[in-house]
Amino acid sequence: MQPIPEDSLSPMQILKRMFEAETSFMASEKKDMAILARAFHPEVVVHEPTSVPYPGDWKGLDGVAGLMQQMSKAYSKMGVEDLNCCGSLNKLYVSCTLHLTLRATGVSITQPFTEVLRFENGLLIEATPFYFDTAEIQAGLLV
């Protein structure tokens, strides 16, 4: 892993690179960890709330890969629009509109979403997502 000089990318560029790594990894057939290593720190941890289909702390690149597999099982489509961020190169506050289609029921959900992201040397080391309405996601799974 090659550290990235902190002044070489803007906060939005770091954020977009992280999303590109996620989507590239999820779309790849072999699920190559090198794709994730471009944007995620080896000691990354993602804190998902207990009320989503993939709860808990997902640690390391293997954990992030597992989280993405669980998200892929839960949703047939995922997308964001109106992506905004503020903060520093070390800590970003992200907001967007989240679009989900639940794989099991076909229910589509659109809601506000925010996330607090911490970076070290340009790589994500900690993420805490905040879904606007996890009850809506749970209810959509039961339809």
Side-chain angles (χ1 to χ4, degrees), residues 1 4 6-143:
M1 170 184 64
I4 297 160
E6 291 194 15
D7 60 352
S8 66
L9 297 173
S10 71
M12 187 58 86
Q13 287 172 315
I14 289 174
L15 183 61
K16 286 182 178 181
R17 187 186 60 190
M18 184 193 77
F19 282 135
E20 287 171 9
E22 288 177 355
T23 56
S24 294
F25 179 81
M26 291 178 81
S28 71
E29 195 170 303
K30 293 186 179 185
K31 306 300 183 214
D32 183 358
M33 292 295 185
I35 296 171
L36 293 178
R38 290 186 292 217
F40 293 85
H41 192 282
E43 296 175 21
V44 64
V45 61
V46 179
H47 308 285
E48 290 288 352
T50 58
S51 53
V52 294
Y54 36 85
D57 289 345
W58 299 82
K59 297 177 181 179
L61 296 177
D62 287 335
V64 169
L67 170 60
M68 290 183 190
Q69 289 172 337
Q70 292 302 309
M71 292 174 87
S72 183
K73 286 180 185 176
Y75 310 120
S76 59
K77 291 183 184 175
M78 294 178 64
V80 298
E81 68 179 1
D82 299 324
L83 183 63
N84 292 287
C85 71
C86 65
S88 69
L89 293 174
N90 293 324
K91 191 172 192 177
L92 290 179
Y93 301 89
V94 179
S95 68
C96 65
T97 300
L98 182 63
H99 300 283
L100 305 170
T101 301
L102 299 171
R103 189 174 298 283
T105 61
V107 170
S108 292
I109 295 171
T110 297
Q111 58 179 248
F113 177 82
T114 62
E115 193 164 25
V116 178
L117 304 173
R118 270 192 335 104
F119 293 86
E120 188 174 289
N121 295 320
L123 301 173
L124 182 71
I125 193 158
E126 184 178 28
T128 306
F130 297 92
Y131 299 80
F132 180 73
D133 189 351
T134 58
E136 180 182 27
I137 295 170
Q138 287 294 332
L141 291 167
L142 302 174
V143 171

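The structure presented is a predicted model; accordingly, all values stated were derived computationally and were not measured.
- Closest of all the heavy-atom pairs between Leu141 and Thr105 is O-CG2, 3.5 Å.
- Of the inter-residue distances, the one linking Leu83 atom CG with Cys96 atom SG reads 6.0 Å to the nearest 0.5 angstrom.
- Taking 4.5 Å as the limit, some side-chain heavy atom of His47 sits within range of a side-chain heavy atom of Glu126.
- A distance-only check finds no donor-acceptor pair linking the side chain of Arg17 to the backbone of Leu9 [under 3.5 Å].
- Side-chain contact between Glu115 and Phe130 is absent, with no heavy atoms from C-beta onward closer than 4.5 Å.
- Taking the side-chain hydrogen bond (donor to acceptor under 3.5 Å, both in side chains) definition, one finds that Glu29 meets it with nothing, sequence neighbours left out.
- A cation-pi arrangement is found for Lys31 relative to Phe25, the charged atom lying closer than 6.0 Å to the ring centre and inside a 45° cone about the ring normal.
- Counting only residues at least two apart or in different chains, side-chain hydrogen bond (donor to acceptor under 3.5 Å, both in side chains) contacts with residues 62-78 comprise Tyr54-Tyr75.
- Here Cys85 contributes atom SG and Lys91 contributes atom NZ; the two are 14.5 Å apart, rounded to the nearest 0.5 Å.
- The nearest pair of heavy atoms linking Leu92 to Gly87 is CD2-C, 4.3 Å.
- Residue Glu43 qualifies as open at atom CD: its count of foreign heavy atoms under 6.0 Å is 12 or below.
- Atom CD of Glu22 sits about 8.0 Å away from atom CG of Leu67, to the nearest 0.5 Å.
- The minimum heavy-atom distance linking Ile35 with Ser24 is given by the pair CG2-CB, 3.8 Å.
- At least one side-chain heavy atom of Gln138 sits less than 4.5 Å from a side-chain heavy atom of Pro53.
- Distance CG/Leu100 to CD1/Ile109: 6.0 Å, rounded to 0.5 Å.
- Arg103 meets the side-chain hydrogen bond (donor to acceptor under 3.5 Å, both in side chains) test with no other residue; sequence neighbours excluded.
- Side-chain contact between Pro11 and Leu89 is present, with at least one heavy-atom pair separated by less than 4.5 Å.
- Here the straight-line distance linking atom CG of Asp57 with atom OG1 of Thr128 works out to 8.5 Å at 0.5 Å rounding.
- A donor-acceptor contact shorter than 3.5 Å is absent between the side chain of Asn121 and the backbone of Leu123.
- In plain terms, the two heavy atoms of Ile137 and Leu102 that are nearest each other are O-CD1, 3.8 Å.
- Residues Phe113 and Phe132 have side chains not in contact (no heavy-atom distance under 4.5 Å, counting atoms from C-beta outward).
- Of the possible polar contacts, none joining the Thr50 side chain to the Pro55 backbone as a donor-acceptor pair under 3.5 Å is found.
- Shortest non-hydrogen contact noted between Ala21 and Leu36 is O-CD2, 4.3 Å.
- Considering all non-hydrogen atoms of both residues, Val44 and Leu61 come closest at CG1-N, 4.2 Å.
- Between Tyr93 and Val116, some side-chain heavy-atom pair lies under the 4.5 Å cut-off.
- For the atom pair CD1 of Ile125 and CG of Asn90, the computed distance is 10.5 Å after rounding to the nearest 0.5 Å.
- Under the 4.5 Å side-chain criterion, counting only non-hydrogen atoms from C-beta, Met71 is not in contact with Val52.
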